A.B. asks: 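Input: one structure, supplied below.
Only a predicted model underlies this, so the values are computations on that prediction, with no experimental measurement involved. One is the number of the first residue; the rest follow in order along the sequence. Computed over heavy atoms, backbone and side chain alike; hydrogens, waters and symmetry mates excluded.
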Amino acid sequence: MDISILRHSCSHVMAQAVKEIYGQEAKLAIGPSIEDGFYYDFDKKEPFTDEDLNKIEEKMREIIAKDEPFTREEIVKKEASNLFTELKEPYKAELISKIPDEKVSIYKTGNSFIDLCRGPHVESTGKIKAFKLLSVAGAYWHGIETNPMLQRIYGTCFETQAELDGYLKNIEEAKKRDHRKIGPQLEFFDIYQKEAGSGLVFYHPKGALLRKIIEDYEKEEHIKRGYQMVITPHIMQAELWKTSGHYDYYKENMYTFQIEDKEFVLKPMNCPGHILIYKSKTRSYRELPLRLFELGTVYRHEKTGVLHGLLRVRGFTQDDAHIFCAPEQLRVEISSIIDFVFDTMKVFGFNDVGIELSTRPEKFIGSETDWQNATEALEETLKEKGLSYDINAGDGAFYGPKIDIKLKDALKRSWQCATIQCDFALPKRFNLAYIDSNGNQKQPIMLHRVILGSLERFVGALLEHHNAQLPLWLSPIQVIIIPIKDTLEGYAQKVKKALQDNFIRAELNNCNETLDKKIRQAEVNKIPYCLILGPREEKSETVSVRKKGVGDKGSKKLEEFIKELKEEIDRKE
């Protein structure tokens with residue numbers, strides 16, 4: 001059975017249940033299936049409560065128990081418009097007015113429920129076996145802030161109760177791992193919405209250190225793979241963005257402002273800056289591929305309603321690179337980027353991914369021939385590497401198609417991170433050129449790519465994937481030193497210095513608290529190693545080692561412990 005059809009059918013049953021309970025008090029909007037379930041939007045004056053969700057679920061069970069058939073009919077638009085106007089369903093009437101076909105389809109269940117719907121549905125309501133309503137959220141009609149605010153009920157549906165139970169268990173686990181909760185609790189970051197504004201991240205010392213570790217790793221890997229580091233300004237003149245096309249295709253997401261008599265843009269991406277660096281001199285074919293890399297902070301005007309912790313913010317940093325290459329180099333470069341992504345994800349503990357190929361959108365720049373060539377280059381590279389992928393029709397960037405590589409975390413959720421975009425259009429718009437081996441001018445092809453993507457989003461995914469129990473090499477605090485007496489302060493400082501001299505991140509807990517409480521605090525803070533120091537350890541110059549998740553590992557010579565720890569850090573396990 002197609003799970004999306006089952007979930008869409010369950011959404012239909014939910015709408016029927018709502019109408020049977022609330023009648024004209026609830027107006028119907030739309031109710032599609034989505035990746036993990038379904039939702040339906042309603043216009044209802046009073047908000048839905050948890051008690052209401054329970055009532056709706058009970059009514060849904062009654063409808064399902066009746067095993068009512070889903071009956072499809074096609075009727076002319078005028079008749080459908082009159083029907084939904086009589087039913088006092090204005091949102092359905094509006095949808096009908098925008099359908100270009102002469103006829104529309106409706107579905108009926110029970111004695112009186114009718115919904116505008118393309119379908120398909122399962123044969124009857126009795127086919128729905130395991131479902132759950134999850135939450136209620138606000139949603140503007142058509143996603144436009146000036147439109148009415150509707151109430152969106154989210155739910156999910158599976159073929160079996162066992163699958164549903166597993167999914168609900170994952171949801172509970174995801175709540176515990178939510179980076180918006182554990183990030184501030186463990187002092188990685190915070191968002192001071194009231195004081196500073198929404199969607200702006202403040203990294204506390206531990207979060208800033210985690211960022212530095214990630215950035216240092218990325219810089220080393222990029223240099224190792226032949227990239228050259230660049231830095232570009234945060235603001236640039238609007239004319240540059242008009243040339244690139246962003247001003248026409250992306251302006252609603254850009255912050256613009258005046259300086260004297262010129263309009264400037266707070267950069268939403270880094271590509272025009274990298275293009276200017278490419279154009280700074282005449283380029284030879286011998287310089288290609290030219291790989292320019294920047295940890296570039298960008299700003300995008302996101303609506304308040306879509307902001308979400310670190311996953312959707314207004315200011316973020318991308319591990320952004322642009323590769324300028326000759327046509328014969330294109331597929332090798334795409335293949336190398338894919339390898340780079342896979343190698344990097346394994347290092348950070350992500351071993352499962354999903355891949356999508358996004359094709360030309362309705363609004364685009366460049367010729368259809370260039371789009372076809374760019375899409376073929378991406379798709380054939382995926383095929384050559386034996387990678388499975390889905391087609392995401394019409395979701396490419398306005399300047400080129402793209403490959404999106406989505407991480408799957410410990411709870412099998414997908415996180416959008418890496419992307420590879422193939423661009424013939426911007427090199428034309430900026431008149432980019434190189435001199436080939438025959439002395440002729442040629443146009444390079446441009447690849448836009450990120451490996452981790454937004455570092456903010458990646459940190460959020462990393463915290464949730466590992467439940468903030470980060471691998472040793474990533475942990476901001478790798479070792480906490482706990483002396484059991486004040487008189488051992490001197491030895492504790494000696495141990496701390498020895499660790500820090502070996503580039504091991506260590507802190508000393510010399511607070512006036514019990515040993516048990518200090519150990520519990522280290523567990524809560526998810527610190528990988530505790531070193532307990534008593535008179536015996538001071539005398540023998542040893543440390544008593546506790547490892548998170550393992551417990552007591554006995555006493556070791558300090559030099560031996562440092563050696564083992566450095567080996568574990570180097571392995572990046």
Side-chain angles (χ1 to χ4, degrees), residues 1-35 37-45 48 56 59-60 62-64 66-128 131 133 136-144 146-157 362 393-394:
M1 183 184 296
D2 187 326
I3 192 66
S4 65
I5 294 175
L6 182 68
R7 287 170 173 166
H8 182 50
S9 302
C10 196
S11 170
H12 186 104
V13 169
M14 179 175 71
Q16 180 179 347
V18 168
K19 291 299 291 185
E20 289 187 12
I21 295 171
Y22 301 100
Q24 290 301 319
E25 188 183 338
K27 307 294 183 187
L28 301 175
I30 58 171
S33 65
I34 53 177
E35 184 176 355
F38 59 86
Y39 69 78
Y40 211 112
D41 290 343
F42 302 94
D43 188 347
K44 180 174 174 290
K45 186 177 180 181
F48 289 111
I56 296 166
K59 180 61 70 173
M60 289 173 70
E62 292 177 15
I63 295 167
I64 290 167
K66 292 176 183 176
D67 197 20
E68 298 172 339
F70 288 96
T71 305
R72 184 179 187 272
E73 289 183 22
E74 277 196 2
I75 57 177
V76 296
K77 277 178 62 175
K78 180 66 175 175
E79 183 183 343
S81 181
N82 291 338
L83 171 64
F84 283 101
T85 299
E86 288 174 14
L87 291 172
K88 298 181 180 178
E89 297 289 357
Y91 298 99
K92 297 294 182 182
E94 180 187 327
L95 289 172
I96 291 167
S97 70
K98 295 179 179 178
I99 295 173
D101 305 321
E102 293 182 6
K103 290 186 176 183
V104 299
S105 60
I106 61 172
Y107 276 84
K108 297 181 179 179
T109 47
N111 296 324
S112 59
F113 184 70
I114 302 172
D115 201 355
L116 175 72
C117 185
R118 287 180 299 181
H121 288 290
V122 294
E123 293 87 349
S124 63
T125 61
K127 299 292 183 184
I128 299 168
F131 72 93
L133 302 187
V136 182
Y140 292 108
W141 176 233
H142 294 315
I144 300 171
T146 54
N147 283 347
M149 172 65 82
L150 308 178
Q151 294 188 65
R152 176 170 294 176
I153 299 180
Y154 284 98
T156 193
C157 179
E362 282 187 33

A.B. asks: To the nearest 0.5 angstrom, please state how far the OG1 atom of T156 sits from the CZ atom of R7.
C.D. replies: 4.5 Å

A.B. asks: Which residues pass the side-chain contact (heavy atoms from CB on, under 4.5 Å) test with I34, not counting sequence neighbours?
C.D. replies: Y39, Y154

A.B. asks: Determine, for K27 against E89, whether the closest basic-nitrogen to carboxylate-oxygen distance falls under 4.0 angstrom.
C.D. replies: no

A.B. asks: Could you tell me whether the side chain of V104 reaches within less than 4.5 Å of the side chain of E74, counting heavy atoms only?
C.D. replies: no

A.B. asks: Who are the side chain to side chain donor-acceptor pair (under 3.5 Å) partners of D41, not counting sequence neighbours?
C.D. replies: R152

A.B. asks: So among I30, D43, T146, which one has a side chain to side chain contact (heavy atoms under 4.5 Å, CB included) with W141?
C.D. replies: I30

A.B. asks: Do we see a donor-acceptor contact under 3.5 Å between the side chains of S33 and H8?
C.D. replies: no

A.B. asks: Check the side chains of E68 and T125 for a donor-acceptor pair under 3.5 angstrom, ignoring hydrogens and angles.
C.D. replies: no

A.B. asks: OG/S81 to CD1/I75 distance, rounded to the nearest 0.5 angstrom?
C.D. replies: 9.5 Å

A.B. asks: Quickly, which of E123, K127, H12 forms a side chain to side chain contact (heavy atoms under 4.5 Å, CB included) with F70? Name it, please.
C.D. replies: H12

A.B. asks: Does atom NZ of K77 have more than 12 heavy-atom neighbours, drawn from other residues, nucleotides or ligands, at distances under 6.0 Å?
C.D. replies: yes

A.B. asks: So, the side chain of Q151 versus the backbone of K44: is there a donor-acceptor pair under 3.5 Å, distance only?
C.D. replies: yes

A.B. asks: Is the number of heavy atoms from other residues, nucleotides or ligands within 6.0 Å of CD (E102) greater than 12?
C.D. replies: no

A.B. asks: Using a strict 4.0 Å threshold on nitrogen-to-oxygen distance, state whether D115 and K92 make a salt bridge.
C.D. replies: yes

A.B. asks: Write down the atom of Y40, the atom of A29, and the distance for their closest heavy-atom approach.
C.D. replies: CE2-N, 3.7 Å

A.B. asks: Under the criterion side chain to side chain contact (heavy atoms under 4.5 Å, CB included), I'd like the reasoning laid out for F48 against L133: C-alpha separation, chi angles, the key distance, then a yes or no.
C.D. replies: CA-CA 12 Å; F48 289 111; L133 302 187; over 6 Å; no

A.B. asks: Side chains of F42 and Y22, heavy atoms from C-beta outward: is any pair under 4.5 Å?
C.D. replies: no

A.B. asks: Around atom CZ of R72, are there more than 12 heavy atoms from other residues, nucleotides or ligands closer than 6.0 Å?
C.D. replies: yes

A.B. asks: Taking side chain as C-beta onward, heavy atoms only, is Y107 less than 4.5 Å from L116?
C.D. replies: no

A.B. asks: Within the structure provided, determine whether F113 and L28 are in side-chain contact (heavy-atom separation under 4.5 Å).
C.D. replies: yes

A.B. asks: Do F131 and V13 make a side-chain contact, defined as non-hydrogen atoms from C-beta onward lying under 4.5 Å apart?
C.D. replies: no

A.B. asks: If you compare all heavy atoms of Q24 against all heavy atoms of L87, which two are closest, and at what distance to 0.1 Å?
C.D. replies: NE2-O, 3.3 Å

A.B. asks: Over all heavy atoms of both residues, which pair between K19 and A26 is shortest? Give the atoms and the distance, please.
C.D. replies: NZ-O, 2.9 Å

A.B. asks: Is it true that K45 and E25 have a side-chain N and a carboxylate O under 4.0 angstrom from each other?
C.D. replies: no

A.B. asks: Decide yes or no for S9 and I128: does some side-chain heavy atom of the first lie under 4.5 Å from some side-chain heavy atom of the second?
C.D. replies: yes

A.B. asks: On a heavy-atom basis, which atom in I96 and which in F84 lie closest, and how many Å separate them?
C.D. replies: CD1-CD1, 3.5 Å

A.B. asks: To the nearest 0.5 angstrom, please state how far the OG atom of S11 sits from the NE2 atom of H121.
C.D. replies: 8.0 Å

A.B. asks: Salt bridge check, K66 against E62: does any charged N sit closer than 4.0 Å to a carboxylate O?
C.D. replies: no

A.B. asks: Would you say the side chain of T109 lies within less than 4.5 Å of the side chain of T71, judging by non-hydrogen atoms?
C.D. replies: no

A.B. asks: Is there side-chain contact between M60 and C10, with heavy atoms separated by less than 4.5 Å?
C.D. replies: yes

